Amino acid sequence: MTNDVATLLTRHTEALALFTDRVHAVRDDQWDDPTPCTEWSVRDLVNHLTAEQLWVPDLVTDGATIEDIGDAYDGDVLGDRPRQAWDAAARAARKAFSDEGALERTVQLSYGETPATAYCSQMISDAVVHSWDLSRAIGAEERLPDALVAFTLEEVAPYASELSKSGLFAAPIEPPPGDDPQTRLLAMLGRRA
């Protein structure tokens with residue numbers, strides 16, 4: 001295992017652990033609360049991340065395409081045990097990426113063939129940013145680990161200005177003077193720290 005692959009898997013494990021911590025901090029009366037993702041409640045946000053993890057074994061391990069999977073993970077994937085649904089999906093995604101040779105593969109995403117390493121990097125970044133969203137929504141600690149912030153900044157900086165065109169991200173905002181890396185990252189993705 002090269003150092004880059006080892007680092008990628010470490011960041012992936014850390015990002016999933018961070019989101020897991022926040023999911024387990026959600027109180028029973030908070031699932032319908034709003035999040036910084038204006039269209040999503042806390043439950044919607046956790047459902048989104050859970051569904052994303054469910055795709056990983058199909059795409060990475062099985063070599064499935066988007067068309068093969070279809071709408072299997074559309075709608076509610078949390079059921080009546082959202083924490084357990086997240087935990088199972090996160091475990092399966094972590095295993096899929098860490099299996100021998102998994103990160104040497106190519107996966108079929110909506111925009112075409114993509115190295116599994118790039119897919120893993122995107123999944124890390126999504127988990128990190130949504131950990132902040134979930135933290136803000138439930139009143140948990142919003143400070144993200146420095147290594148995950150640095151990784152995500154490096155990952156999204158090249159294409160952050162294009163994300164709002166997808167309709168899934170708010171437009172970038174100007175960070176305040178003297179900002180720190182986390183504030184820059186959040187501003188890049190249309191969030192105010």
Side-chain angles (χ1 to χ4, degrees), residues 9-56 73-97 120-157 160 163-164 166-176 179-193:
L9 290 174
T10 297
R11 294 290 92 82
H12 184 251
T13 297
E14 291 168 351
L16 289 178
L18 179 65
F19 196 77
T20 297
D21 180 70
R22 298 312 188 264
V23 169
H24 284 269
V26 176
R27 294 189 321 263
D28 289 340
D29 64 347
Q30 291 181 309
W31 289 102
D32 293 325
D33 287 358
T35 71
C37 305
T38 55
E39 303 294 315
W40 287 343
S41 67
V42 167
R43 183 180 175 90
D44 294 333
L45 177 61
V46 174
N47 188 72
H48 165 71
L49 257 289
T50 302
E52 285 203 341
Q53 305 318 306
L54 292 171
W55 282 85
V56 176
Y73 305 123
D74 288 358
D76 179 40
V77 297
L78 297 179
D80 56 5
R81 301 182 68 189
R83 291 175 192 87
Q84 291 82 353
W86 161 259
D87 290 346
R91 273 193 307 274
R94 188 173 59 247
K95 180 183 181 324
F97 278 128
C120 186
S121 295
Q122 293 164 17
M123 294 293 284
I124 293 165
S125 298
D126 205 39
V128 170
V129 173
H130 285 318
S131 290
W132 181 86
D133 293 330
L134 188 52
S135 297
R136 169 72 47 107
I138 66 171
E141 172 59 50
E142 294 180 15
R143 175 58 49 198
L144 301 169
D146 292 344
L148 288 175
V149 169
F151 179 92
T152 304
L153 258 175
E154 186 176 330
E155 168 63 21
V156 302
L163 289 174
S164 63
S166 71
L168 301 174
F169 294 84
I173 58 174
E174 189 65 34
D179 61 337
D180 62 11
Q182 178 171 317
T183 304
R184 270 196 313 281
L185 171 64
L186 294 172
M188 201 181 292
L189 298 172
R191 291 156 168 88
R192 291 193 191 280

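Owing to the predicted nature of the structure, the values given are computational and were not obtained by experimental measurement.
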Nearest heavy-atom pair of [X] and [Y]: which atoms, and what distance?
{"X": "S121", "Y": "E155", "value": "CB-OE1, 3.3 Å"}
{"X": "A15", "Y": "S131", "value": "O-OG, 4.4 Å"}
{"X": "L144", "Y": "Q182", "value": "N-OE1, 2.7 Å"}
{"X": "L49", "Y": "A127", "value": "CD1-CA, 4.0 Å"}

Taking [atom1] in [X] as the centre, count heavy atoms belonging to other residues, nucleotides or ligands within less than 6.0 Å. Is the count above 12?
{"X": "R83", "atom1": "CZ", "value": "yes"}
{"X": "D179", "atom1": "CG", "value": "yes"}
{"X": "E154", "atom1": "CD", "value": "no"}

Salt bridge present between D133 and R22 (N-O < 4.0 angstrom) =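 Answer for the salt bridge query: no.
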
Hey, is R136 close enough to D33 for a salt bridge, meaning N to O under 4.0 Å?
->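 No salt bridge links R136 with D33.
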
Give the C-alpha distance, both sets of side-chain angles, the deciding distance and a yes or no for side-chain contact (heavy atoms from CB on, under 4.5 Å) between R81 and D87.
-> CA-CA 10 Å; R81 301 182 68 189; D87 290 346; over 6 Å; no

Does [X] reach the side chain of [Y], with side-chain heavy atoms less than 4.5 Å apart?
{"X": "E14", "Y": "F151", "value": "no"}
{"X": "V42", "Y": "L134", "value": "yes"}
{"X": "L16", "Y": "W86", "value": "yes"}
{"X": "Q53", "Y": "R94", "value": "no"}
{"X": "R11", "Y": "L148", "value": "yes"}
{"X": "D126", "Y": "E52", "value": "yes"}

Could you tell me which residues satisfy ring pair (Phe, Tyr, Trp, His ring centres under 6.0 Å) with W55, sequence neighbours excluded, listed by chain and number?
->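 Per chain and number, W55 pairs via ring pair (Phe, Tyr, Trp, His ring centres under 6.0 Å) with Y73.
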
Chi angles and distances behind the side-chain contact (heavy atoms from CB on, under 4.5 Å) call for H24, T20 = CA-CA 6 Å; H24 284 269; T20 297; 3.5 Å; yes

Stepwise side-chain hydrogen bond (donor to acceptor under 3.5 Å, both in side chains) check, T50 with N47 | CA-CA 5 Å; T50 302; N47 188 72; over 6 Å; no

Donor-acceptor under 3.5 Å (S135 side chain, E141 main chain) |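 Checking the backbone N and O of E141 against the side chain of S135, a donor-acceptor pair under 3.5 Å is found.
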
Any donor-acceptor N/O pair, Q30 side chain to G139 backbone, under 3.5 Å =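 Not at all, since once roles are kept as given, no pair shorter than 3.5 Å links the two residues.
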
Without hydrogens or angle criteria, can the side chains of S41 and W31 be said to hold a donor-acceptor pair below 3.5 Å?
->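 W31 and S41 do not have a side-chain donor-acceptor pair below 3.5 Å.
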
With sequence neighbours excluded, what pairs up with R27 under the side chain to side chain donor-acceptor pair (under 3.5 Å) test?
->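 Partners of R27 under the side chain to side chain donor-acceptor pair (under 3.5 Å) test: D29.
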
Aromatic ring pairing H130/W40, orientation class (parallel under 30°, perpendicular over 60°, tilted between) |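 Correct class here is tilted.
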
Atom OG1 in T13, atom CD1 in I124: separation rounded to 0.5 Å?
->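 Those atoms lie 8.5 Å apart.
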
CD on Q84 to CG on L78, rounded to 0.5 Å |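 Between atom CG of L78 and atom CD of Q84 there are 10.5 Å.
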
side-chain contact (heavy atoms from CB on, under 4.5 Å) assessment of V156 paired with M188 | CA-CA 8 Å; V156 302; M188 201 181 292; 3.9 Å; yes

